[in-house]
A.B. asks: 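This structure is in structure tokens; I'll ask about it shortly.
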Amino acid sequence: MSVLRRAKTWEISESEDSDAESKPDLNRDVSLEDKEAKSLNDKCKTLPSPPTKTDSSQTCALTPPRPEGSLTPSPARKRRTKEEIEVDRQKAKERKEERERQRAVRAQEKEERRQEQQRRKEAAENLKSLRPENYIKCLTVCIDPALLQQNGSDILLETLAGWEWKFNIENQLLAHSITWTRNVPQQGEEGQVTAEEEQVVLVLTLADFMDIVISIKKMLDSEGEETELGIVLSPLLECLNRDAKKLVTLLVTGCELDHRSMCFPEEMLQSRLGLNNLDTEEVLVYLQLYKNISLVFLDSWQDVTDHVCAVTKALSKRPFKLLTEPSELPFCVDGSWASGVRVERDGSGLIQVWSRQIQQLNRVSPAVASTVTTSYPSPQLLLQAYQNLGSEEERKGMLAGLLVKTDGKERRIGPEISARIYRCCTAQNPQLVLD
């Protein structure tokens, strides 16, 4: 309300101010608000006047006063050229590409870490699956149905079922044989592939074994011609010719021997077949060396069962051992001396060989050997020094005075080691005890 009244007063004061000189009596009854409006109007008049007085009075009356310095005009904004705009756009594009590049690098590193973790996980799972207690679950014992007709074969089936091992009864390429298969996992959706182990166990009776011996004897007498082979040996040789990696073991049951070994029971063969020792050795050499066939004589099916279980456990342990055990020989000691000293064509390395040769003597340290080789760099120089001396005693004690430096201390070689080195270099008796 006061604002409207003040604005109205300003309009009145404008009109009165214009006629102040002609009508002074009209300003006698001015109220307090009129005086304030007038003083405000006077301040407005002190400012630079616009082109028209009426517009200036209206502007000062309708707008609040501005602080000092607000009347200073702002500097004009500099307009950028096209080149500058293009440079800024190019820099913004480069910054965007750099951010995208860094984002791609971080994404690639993240993917590589994920793949590395996946590979480690798969390797750990693979190693875990190759452990004997887990890998044996992938093995299947395949038994030929003809073996079930023999008395005592149920012991094998009951034992396999008791161990909770997988077994399958199916026809084999060799009658009366036992083989093993394993399930190999494949990547993708192919599932598992069945692979055959190279181990083959052929269970024979004593009569079948006699047939094999007679067939081999006839073949050896006919200078290796494989004609008229027996009903057991013929398919066995065909199987080995088809797959040379097969390892066949013949288990001969019903022998009732006290000492079972890899040799033939000579008394039994001589009594039943009339074979002498030379004939049995020829048959044994042919089976083991030429065909890689092992022969084991067993008493009963309990022994056959034990042999099959032993082979199954060995097959389950083999992958883990091949993966974890080193390929080199475990009894070879690592060290610089294990491979000897290399001698080049220019002769470098011979003095190391000469020093190693002296160290072979009992209680001769590397320091003592180094002292001797420093004084006499070759065996020929040492022998020449021995020949230049007149007596035997002088030759034995020639090296006794040489100083040996070890850990900052000096000592002499001594007459004992000197005499031992002399005997080693000059003795003619190969049975002579040097120490």
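Position 1 is the first residue of the sequence; numbering continues from there. Bear in mind that the values here come from a model prediction, so they are computed numbers and not experimental data.
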A.B. asks: Is the ring centre of Phe320 less than 6.0 Å from the ring centre of Tyr135?
C.D. replies: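 Between Tyr135 and Phe320, which both carry aromatic rings, the centre distance is not below 6.0 Å.
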
A.B. asks: Do Gln302 and Asp306 have side-chain atoms, one donor and one acceptor, less than 3.5 Å apart?
C.D. replies: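 The answer is yes; a qualifying pair exists.
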
A.B. asks: Within this structure, what is the CD-CG distance for the pair Gln199 and Leu315, rounded to the nearest 0.5 Å?
C.D. replies: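 Spacing of CD (Gln199) from CG (Leu315) equals 5.5 Å.
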
A.B. asks: For the side chain of Arg412 and the backbone of Leu402, is there at least one donor-acceptor N/O pair under 3.5 Å apart?
C.D. replies: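 It does not hold such a pair.
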
A.B. asks: Might you point out which heavy atoms bring Thr159 and Cys309 nearest each other, and give the distance in Å?
C.D. replies: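 Closest pair (atom of Thr159, atom of Cys309, distance): CG2-SG, 3.7 Å.
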
A.B. asks: Answer yes or no: is there a side-chain heavy-atom contact under 4.5 Å between Val308 and Leu156?
C.D. replies: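 SC-SC contact between Val308 and Leu156 confirmed.
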
A.B. asks: My understanding is that only residues two or more places apart in sequence, or in another chain, count here; which of them pass salt bridge (Lys or Arg N to Asp or Glu O under 4.0 Å) with Arg103?
C.D. replies: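 Partners of Arg103 under the salt bridge (Lys or Arg N to Asp or Glu O under 4.0 Å) test: none.
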
A.B. asks: Evaluate the criterion side chain to side chain contact (heavy atoms under 4.5 Å, CB included) for residue pair Leu350 and Ser378; output intermediate values, then yes/no.
C.D. replies: CA-CA 8 Å; Leu350 287 174; Ser378 68; over 6 Å; no

A.B. asks: Side chains of Leu382 and Pro379: does their closest heavy-atom pair fall under 4.5 Å?
C.D. replies: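 SC-SC contact between Leu382 and Pro379 ruled out.
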
A.B. asks: Test: salt bridge (Lys or Arg N to Asp or Glu O under 4.0 Å). Region: residues 231-248. Which pairs qualify, not counting sequence neighbours?
C.D. replies: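 Every pair satisfying salt bridge (Lys or Arg N to Asp or Glu O under 4.0 Å) with a residue in residues 231-248: Glu196-Lys246.
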
A.B. asks: Within the 3.5 Å criterion, strictly below it, is a donor on Trp180 or Thr312 matched to an acceptor on the partner's side chain?
C.D. replies: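 The criterion, which ignores hydrogens and geometry beyond distance, is satisfied for Thr312 and Trp180.
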
A.B. asks: Checking the side chain of Ser418 only, and the main-chain atoms of Lys396 only, is there a donor and an acceptor separated by less than 3.5 Å?
C.D. replies: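 Indeed, once roles are kept as given, a pair shorter than 3.5 Å links the two residues.
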
A.B. asks: Checking the side chain of Ser234 only, and the main-chain atoms of Ile231 only, is there a donor and an acceptor separated by less than 3.5 Å?
C.D. replies: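 Between the backbone of Ile231 and the side chain of Ser234 there is no qualifying donor-acceptor contact (under 3.5 Å).
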
A.B. asks: Quick one: does NZ or CZ of Lys313 land under 6.0 Å from the six-membered ring centre of Trp165, within 45 degrees of the ring axis?
C.D. replies: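 Not satisfied by the 6.0 Å and 45° rule.
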
A.B. asks: Rounded at 0.5 Å granularity, tell me how far CZ in Phe167 sits from CG in Leu160.
C.D. replies: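 Between Phe167 CZ and Leu160 CG, I get 6.0 Å after rounding to 0.5 Å.
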
A.B. asks: Establish, from distance only, whether the side-chain atoms of Glu111 and Gln115 form a donor-acceptor pair under 3.5 Å.
C.D. replies: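 Indeed, the side chains of Glu111 and Gln115 share at least one donor-acceptor pair under 3.5 Å.
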
A.B. asks: Can any side-chain N or O of Asn134 pair as donor or acceptor with the backbone N or O of Lys128 at less than 3.5 Å?
C.D. replies: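 Indeed, once roles are kept as given, a pair shorter than 3.5 Å links the two residues.
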
A.B. asks: Donor-acceptor pair, Ser370 side chain versus Pro366 backbone, under 3.5 Å?
C.D. replies: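 No; zero donor-acceptor contacts below 3.5 Å.
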
A.B. asks: Given the rule in the side chain to side chain contact (heavy atoms under 4.5 Å, CB included) test, do Arg411 and Val368 qualify, once you have shown the distances and angles that lead to the verdict?
C.D. replies: CA-CA 10 Å; Arg411 64 180 182 87; Val368 174; 3.5 Å; yes

A.B. asks: Keeping Thr371 on the side-chain end and Ala367 on the backbone end, is there a donor-acceptor pair under 3.5 Å?
C.D. replies: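 Side chain of Thr371 to backbone of Ala367: a pair is present.
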
A.B. asks: Between Val203 and Leu147, which heavy-atom pair has the shortest distance, and what is it?
C.D. replies: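 What the structure gives for the nearest pair is CB-CD2, 3.7 Å.
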
A.B. asks: Tell me if the CD atom of Glu164 is crowded by more than 12 foreign heavy atoms within 6.0 Å.
C.D. replies: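 Not buried by this count: 12 neighbours or fewer within 6.0 Å.
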
A.B. asks: Just wondering, do Val404 and Ile413 contact through their side chains at under 4.5 Å, heavy atoms?
C.D. replies: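 A side-chain contact exists here, since the closest heavy-atom pair is under 4.5 Å.
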
A.B. asks: Counting distance only, does the side-chain N/O of Trp354 pair as donor-acceptor with the main-chain N or O of Tyr376 below 3.5 Å?
C.D. replies: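 Side chain of Trp354 to backbone of Tyr376: a pair is present.
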
A.B. asks: What's the separation between atom CZ in Arg182 and atom SG in Cys138, rounded to the nearest 0.5 Å?
C.D. replies: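 Between atom CZ of Arg182 and atom SG of Cys138 there are 10.0 Å.
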
A.B. asks: Which pair of heavy atoms, one from Lys291 and one from Leu237, lies closest together, and at what distance?
C.D. replies: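 Scanning both residues, the minimum pair turns out to be CE-CD2, 3.8 Å.
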
A.B. asks: Hey, mind stepping through Asn292 and Val248 against side chain to side chain contact (heavy atoms under 4.5 Å, CB included) and telling me if it holds?
C.D. replies: CA-CA 7 Å; Asn292 196 21; Val248 181; over 6 Å; no

A.B. asks: Determine whether Phe209 and Leu295 make a side-chain contact, defined as any pair of heavy atoms from C-beta on separated by less than 4.5 Å.
C.D. replies: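 Phe209 reaches Leu295 side chain to side chain.
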
A.B. asks: With no hydrogens and no angle check, just 3.5 Å: does a side-chain donor-acceptor pair link Tyr422 and Glu392?
C.D. replies: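 Side chains of Tyr422 and Glu392: pair found under 3.5 Å.
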
A.B. asks: Taking atom NZ as the centre, does Lys166 end up with more than 12 heavy-atom neighbours from other residues, nucleotides or ligands that are less than 6.0 angstrom away?
C.D. replies: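 It does: Lys166 NZ has more than 12 such atoms within range.
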
A.B. asks: Keeping Arg395 on the side-chain end and Leu389 on the backbone end, is there a donor-acceptor pair under 3.5 Å?
C.D. replies: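 Yes: the side chain of Arg395 pairs with the backbone of Leu389.
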
A.B. asks: With salt bridge (Lys or Arg N to Asp or Glu O under 4.0 Å) as the test, would you mind laying out the steps for Arg318 and Glu197 before giving the verdict?
C.D. replies: CA-CA 12 Å; Arg318 185 177 59 177; Glu197 297 286 350; 2.6 Å; yes

A.B. asks: Given side chains that start at C-beta, do those of Ile421 and Cys425 come closer than 4.5 Å, heavy atoms only?
C.D. replies: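 Ile421 vs Cys425: side chains touch.
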
A.B. asks: Is it true that, when you exclude Asn429 itself, more than 12 heavy atoms of the residues, nucleotides or ligands shown sit nearer than 6.0 Å to its CG?
C.D. replies: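 Check passes, neighbour count above 12.
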
A.B. asks: Looking at Arg119, Arg114, Arg113, which one forms a salt bridge (Lys or Arg N to Asp or Glu O under 4.0 Å) with Glu116?
C.D. replies: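 That would be Arg119.
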
A.B. asks: Is it true that Arg89 and Glu83 make a salt bridge, defined as a side-chain N closer than 4.0 Å to a carboxylate O?
C.D. replies: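 Result for this pair is no, no salt bridge flagged.
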
A.B. asks: What closest approach, in Å, do Pro415 and Ala400 show between heavy atoms, and which atom pair accounts for it?
C.D. replies: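 Where Pro415 meets Ala400 most closely, the heavy atoms are N-CB, 3.7 Å.
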
A.B. asks: Can Ser355 and Ile358 be said to form a side chain to side chain contact (heavy atoms under 4.5 Å, CB included), step by step?
C.D. replies: CA-CA 5 Å; Ser355 178; Ile358 298 176; 5.9 Å; no

A.B. asks: Could you check if a side-chain atom of Tyr386 sits within less than 4.5 angstrom of a side-chain atom of Leu399, using non-hydrogen atoms only?
C.D. replies: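 Of all side-chain heavy-atom pairs linking Leu399 with Tyr386, at least one is under 4.5 Å.
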
A.B. asks: Consider only side-chain N and O atoms of Glu125 and Ser129, and report whether a donor and an acceptor are under 3.5 Å apart.
C.D. replies: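 Checked: Glu125/Ser129 side chains show no N/O donor-acceptor pair below 3.5 Å.
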
A.B. asks: Enter the distance from Ile155:CD1 to Ser300:OG here, rounded to the nearest 0.5 Å.
C.D. replies: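 Result: 6.5 Å between the selected atoms.
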
A.B. asks: Minimum heavy-atom separation for Glu394 to Ser391, with atom names?
C.D. replies: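 Shortest heavy-atom separation between Glu394 and Ser391 comes out as CG-OG, 3.0 Å.
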
A.B. asks: Atom CD in Glu86, atom NZ in Lys82: separation rounded to 0.5 Å?
C.D. replies: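 Separation between the atoms: 11.0 Å.
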
A.B. asks: Check Gln359 against Ala369 and note the closest heavy-atom contact, atom names and distance.
C.D. replies: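 Minimum heavy-atom separation between Gln359 and Ala369: CG-CB, 3.6 Å.
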
A.B. asks: Side chains of Ser294 and Leu250: closer than 4.5 Å at any heavy-atom pair?
C.D. replies: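 Not touching, per the 4.5 Å side-chain cut-off.
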
A.B. asks: Within the structure provided, determine whether Arg420 and Arg363 are in side-chain contact (heavy-atom separation under 4.5 Å).
C.D. replies: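 Yes, their side chains come closer than 4.5 Å.
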
A.B. asks: Compute whether any side-chain donor of one residue and acceptor of the other, for Thr179 and Gln172, lie under 3.5 angstrom apart.
C.D. replies: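 Per modelled atom types, Thr179 and Gln172 side chains form a pair under 3.5 Å.
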
A.B. asks: Counting only N and O atoms by type, is there a donor-acceptor contact under 3.5 Å from the side chain of Ser177 to the main-chain atoms of Leu173?
C.D. replies: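 Between the backbone of Leu173 and the side chain of Ser177 there is no qualifying donor-acceptor contact (under 3.5 Å).
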
A.B. asks: CD1/Ile85 to CZ/Arg80 distance, rounded to the nearest 0.5 angstrom?
C.D. replies: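 Nearest 0.5 Å value for the CD1-CZ distance: 5.0 Å.
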
A.B. asks: For the side-chain contact (heavy atoms from CB on, under 4.5 Å) test, which of Leu174, Ile178, Leu236, Val311 pairs with Val200?
C.D. replies: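 That would be Leu174; it is the only one of Leu174, Ile178, Leu236, Val311 passing the side-chain contact (heavy atoms from CB on, under 4.5 Å) with Val200.
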
